[in-house]
Amino acid sequence: MTDNLLTPYALNNTINLNNRILMAPLTRCMADDELVPTQAMAKYYARRAEAGLIISEAVIIRPDGQGYPNTPGLFSQPQIEGWKRVTSAVHSSGGKIFAQLWHTGRVAHPYFYGDDNAEVMAPSAIAVEGSVPRMRELTYKTPKAVTLDDIHLLVSDYAQAAENAIAAGFDGVEIHGANGYLIDQFLHHDSNRRTDDYGGSNENMGRFALQVVDAIIDQIGNDRTALRVSPGAYFNIAGDSRDRDVFDYLLPELEKRNLAFLHIGIFDDSMEFDYLGGRASSYVRANYNKTLVGVGSYSAETASSAIDSNKFDLIAIGRPFIANPDYVAKIRNNQPLVSYSDEMLTSLV
Ligand code: FNR
Ligand code: 8K6
């Protein structure tokens, strides 16, 4: 039985969802060379409009946030116009869509936005190991430890991107604070070795994330602002047992902000983290008392029972939504799903 997934859910007084199934943010690398969303992307999202809420693929807030080819942006007028096509296609199909705002920090590569000498921004000058996926010749660079001026500009660029998202017709934004990208790099000791106001103590480690959240709330309101976090480091970052204290501080601070929701960033929620005492979702549930979105290798059945037993309130579905544009209808009608495979990433169906 998966009926509970199909019941409406009010995020707040502004946003009501028709059901509890979110489409997870899924990078597809299909924007045009100016990082403008295409008509094919508008159709792709509109086909999935039956989701209670679509979270867009991650959208870069400025050029030096780019770490993968053809990821869309929200910093130029043509990009805003391109997203208007997407949001209006989703709205005319009865759906809702948030933009996921992204800066990859040290996972950026200047190949995408400048010459070889262009700077890579991160909390500390520590390179991530390896190279860009599927572009193995692009080895990650040692980033620049951002200055206080850089930080102020980054915060205002996040806020500007949020304003651009609303101008483009999005219903709100999800700040990408997860999966080892810029905001997450500030939240983990492996990637943040700063000794100024942005590193060291729990409060300092959390400062950049909260400043971005607050700047966006000022711009577009808390009802339209959500955040994705990865308290368990698993991608582009190594875990450190001290990270838990940072999130012990951060989660109650976030709770005070009355966000639209908080969303876990993880590929498989059965992963357990020693320093969190188990799953990332259980840890967040125990330390955060507002709307929580679970994710990570769930089926409709396992998600339904997780919601039933109050492990989280809403479920985000990723890969199965790539394989099944009509995922929600199939769940409602009890129809079999097409299995996801990585080859599906090469076309936008
Ligand atoms: C992702 N994921 C992801 N997460 C995110 O926060 N922003 C993004 O842009 C992407 N992009 C992305 C692309 C692809 C191809 C995959 C497979 C995944 C992670 C995604 O949102 C989700 O957390 C995982 O896919 C786990 O959920 P499923 O797929 O098991 O339902
Ligand atoms: C978040 C941006 C990702 C953009 C590139 C697409 C990556 C495709 C990933 C496929 C999923 C495989 C799962 C990898 C899990 C890594 C955790 C250790």
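Just follow the structure's listing: the first ligand is 1, and inside any ligand the first atom is 1. Nothing fancy with the numbering, it's 1 onward along the sequence.
- Among residues two or more places apart in sequence or in another chain, the ring pair (Phe, Tyr, Trp, His ring centres under 6.0 Å) test is passed with Tyr44 by none.
- Residue Ala178 places every heavy atom at 4.0 Å or more from ligand 1.
- Polar contact with ligand 1: absent for Ala24 (N/O pair, distance under 3.5 Å).
- With a 6.0 Å radius and a threshold of 12 heavy atoms from other residues, nucleotides or ligands, Lys311 has its NZ atom at or below the threshold.
- Contacts with ligand 1 closer than 4.0 Å are made by no heavy atom of Asp268, backbone or side chain.
- In this structure, His91 has its ring center no closer than 6.0 Å to that of Phe170.
- Considering both main-chain and side-chain atoms, Arg228 comes within under 3.5 Å of ligand 1 through a nitrogen or oxygen pair.
- The hydrophobic clustering, which links ILVMFWY residues whose side-chain heavy atoms are closer than 4.5 Å, places Phe235 and Ile237 apart.
- Contacts between Val295 and ligand 1, counted as non-hydrogen atom pairs separated by less than 4.0 Å, involve the side chain only.
- Between Ala58 and ligand 1, a contact under 3.5 Å exists for at least one N or O pair.
- Ligand 1 lies nowhere less than 4.0 angstrom from a heavy atom belonging to Gly265.
- Of the residues listed (Asp214, Leu101, Leu259, Asp218), the one engaging Thr225 in a side-chain contact (heavy atoms from CB on, under 4.5 Å) is Leu259, and it is the only one.
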Practice task
Could you please spell out the steps behind the side-chain hydrogen bond (donor to acceptor under 3.5 Å, both in side chains) verdict for Asn18 and Tyr9?
Solution key: CA-CA 7 Å; Asn18 287 334; Tyr9 187 91; over 6 Å; no
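- Ring pair Phe261/Tyr288: centre-to-centre distance not below 6.0 Å.
- Polar contact with ligand 1: present for Ser297 (N/O pair, distance under 3.5 Å).
- Across Met344, Glu174, Arg319, heavy-atom proximity to atom 28 (P) of ligand 1 is greatest for Arg319.
- The residues Arg85 and Glu81 are annotated as not salt-bridged, no charged nitrogen and carboxylate oxygen being separated by less than 4.0 angstrom.
- With ligand atoms numbered from 1 in the order given, ligand 1 contributes 5 (C), 6 (O), 7 (N), 8 (C), 9 (O) to contacts under 4.0 Å with heavy atoms of Gln100.
- Between Ile266 and ligand 1, a contact under 3.5 Å exists for at least one N or O pair.
- Of all the atoms in ligand 1, the ones that sit under 4.0 Å from a non-hydrogen atom of Asn179 are 4 (N), 5 (C), 6 (O).
- Side-chain contact check for Tyr249 and Asn287: no donor-acceptor pair (N or O, by modelled atom type) lies under 3.5 Å.
- In terms of polar-atom proximity, Ile317 is not counted as a contact of ligand 1, lacking any N or O under 3.5 Å from an N or O of the ligand.
- For ligand 1, the atoms sitting less than 4.0 Å from at least one non-hydrogen atom of Thr27 are 8 (C), 9 (O), 10 (C), 11 (N), 12 (C), 13 (C), 15 (C), numbered in the order shown with element in parentheses.
- Applying the ring pair (Phe, Tyr, Trp, His ring centres under 6.0 Å) criterion to Phe321, with sequence neighbours excluded, gives Tyr327.
- With atom 21 (O) of ligand 1 as the reference point, the heavy atom nearest to it among Gly318, Pro25, Cys29, Ala323 is part of Pro25.
- By the 6.0 Å contact criterion, CG on Asn13 is open, its count of non-hydrogen atoms from other residues, nucleotides or ligands being 12 or less.
- The proximity of Arg28 to ligand 1, defined as any non-hydrogen pair under 4.0 Å, does not occur for either the backbone or the side chain.
- Set against the non-hydrogen atoms of Pro320, the atoms of ligand 1 under 4.0 Å away are 31 (O).
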